[in-house]
Number of protein chains: 2
Amino acid sequence: MPEHRSGKPRYHHGDLRNALVRAAVDLARDGGPEAVVLRAAARRVGVSATAAYRHFSGQSDLLAAVKDHAQQCLVAAMEESREGIRGEGVEAAREGVKALGRGYVRFALREPGLFRSAFCGTVDPLGADAAGPPHGGQHHPQVRSFQMLTESLDALAEAGALPATRRQGAELSAWAMVHGVAVLIMGRHLGELTQEQTTQVVERAFDDLVAGLAAP
Amino acid sequence: MPEHRSGKPRYHHGDLRNALVRAAVDLARDGGPEAVVLRAAARRVGVSATAAYRHFSGQSDLLAAVKDHAQQCLVAAMEESREGIRGEGVEAAREGVKALGRGYVRFALREPGLFRSAFCGTVDPLGADAAGPPHGGQHHPQVRSFQMLTESLDALAEAGALPATRRQGAELSAWAMVHGVAVLIMGRHLGELTQEQTTQVVERAFDDLVAGLAAP
DNA sequence: CCGCCATGTTTACAGCGTCAACATGGAGCA
DNA sequence: TGCTCCATGTTGACGCTGTAAACATGGCGG
């Protein structure tokens, strides 16, 4: 794998696709999905605009790549957040769910541009991995995050904090609450909040969530 | 107030601002906020693109007008949905909250373009009505919908289905759950759902919400 | 060593938001 | 009644965008 750090501009870039994705991700980071401008990404890489068409079918395809990366970042934030929460009791199970939510919300507030990019457009339900991963490859990132949620809710049910009769369908309630909290705070729909107010309001929402799931 | 339905193209339109808003709203209805293209709206009205600058400071200003209209539509949907739910008991209070949520979600699913337009960009927290309505005018639509939510939560508390100690901060939980449900279903993040599956999953989420709010 | 074709470039076009300069005609005043 | 002013429209231009077509380059397999 050759290194391409040399300043010499060579006709063939060598790693243009990834370079474009990195540039596009940077654009998305500050500016959101609408800032992912194909020509701007090409300009940053030092390449002509149309060169991008050798690696992407168009701007929307580049944006899709950014979206994939953003979803992976979201998953990473969730995984990091629940590290160490591995107990067996009811409280540990509840903390597992909350930790996932905290990672989700913190990512949205720390990287609003990427978070918005991760959920832009409609997720095509007939993606490349519609029938499972083809050759042992990875699931789509969003599938992965949904799987984490499922596991944590299973643990919640196993610990007795979620009646078995209500286990099915719990994913939507949990995801909706967490996503809604993230979107509303990120969009400043509750006004400007101090960091302390933010954590307070977020924790309250998570408490309501797990309490609702625990109801008979 | 003159009528301008005549086919004769007159140099001075007479009601251009509202005509442009109507056209822009139509664009937003199918296509969302990114479909609100100034030149397209002007074309629909049969007027030059730059004419719009006599009534709007630019495209973002036109989009802001669309957003206002969309928020009013959302409020109307919520009001219609809770019509007739005026009882006094605990169950009536719960139904009041749920009715608001149902109107919210149904609007999002019936008019996704308008719903997305209603929440595009960040709500500028220092809007024209930051210090209350200036001269007896209306509150900003979003303030109105938030007020409806507040009232229904007050009723819930009064009926005993929301402990007084947890009354404060309940708005976020409720709004987040409802908003999250709307966004996730609208964005097809749970796959394609039949109408029946949709109502089922929505009602479940609302059950979890009111159960969570009722917890001690 | 050579030729192919993956990967780059240049050029071009239409549509977008926006500005400047110009045109029109209705409302108010002489 | 008639004139004039300016709110409201128009045309033209600029730079930006996405994208297509035609052309250039040079690394790699034969």
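A, B, ... follow the sequence lines: proteins, then strands. Residue 1 opens every chain. Heavy-atom basis, side chains included; hydrogens, waters and symmetry copies ignored.
- Interface remark: the Arg39(B) side chain does form a donor-acceptor pair with the dT18(C) base, using a distance-only criterion of under 3.5 Å.
- Of the possible donor and acceptor atoms, one in the side chain of Ser117(A) sits under 3.5 Å from a partner among the backbone N and O of Gly113(A).
- Of the two residues contacting DNA chain C, namely Arg17(A) and Tyr53(B), the nearest-nucleotide position lying further toward the 5' end is that of Arg17(A).
- Judged by distance alone, with hydrogens and angles left aside, Thr50(B) brings no side-chain donor or acceptor close enough to the base of dT18(C) to form a pair under 3.5 Å.
- Taking atom CZ of Phe56(A) as the reference point, atom C1' of dT17(D) lies 18 Å away to the nearest angstrom.
- Axis orientation changes by 10° from one end of the helix from dC1(C)-dG30(D) to dA30(C)-dT1(D) to the other, with each end axis drawn from 5 pairs and the value rounded to 10°.
- A donor-acceptor contact shorter than 3.5 Å is absent between the side chain of Arg39(A) and the backbone of Ser48(A).
- When the nucleotides dT19(D), dT10(D), dG9(D) are ranked by their closest atom to the side chain of His55(B), dG9(D) comes out on top.
- Remark: C1' of dT17(D) and CG of Leu62(A) are 14 Å apart, rounded to the nearest angstrom.
- Distance CG (Asp15(B)) to P (dT8(D)): 12 Å, rounded to an integer number of Å.
- Side-chain N or O atoms of Arg106(B) include none that pairs as donor or acceptor with a backbone N or O of Met78(B) at under 3.5 Å.
- Mapping Ala51(A) and Leu38(B) onto DNA chain C via the closest heavy atom, the residue that lands nearer the 5' end is Ala51(A).
- Considering only side-chain atoms of Arg54(A), the nucleotide from dG17(C), dT7(C), dG18(D) that sits closest is dT7(C).
- Atom-to-atom, CG of Asp61(A) to P of dG18(D) comes out at 13 Å; the value is rounded to the nearest Å.
- When the P atom of dT19(D) is taken as reference, atom CG of Leu63(A) falls 11 Å away, rounded to whole Å.
- Gln71(B) places a side-chain N or O within 3.5 Å of a backbone atom of Ala118(B) that can act as its donor or acceptor partner.
- The closest donor-acceptor contact from the side chain of Arg17(B) to the backbone of His55(B) lies under 3.5 Å.
- A donor-acceptor contact shorter than 3.5 Å links the side chain of Arg204(B) to the backbone of Gln168(A).
- Rounded to an integer number of Å, the gap from Leu20(B) CG to dG9(D) P is 8 Å.
- Listed for the Glu171(B) side chain is no donor-acceptor partner under 3.5 Å among the backbone atoms of Leu190(A).
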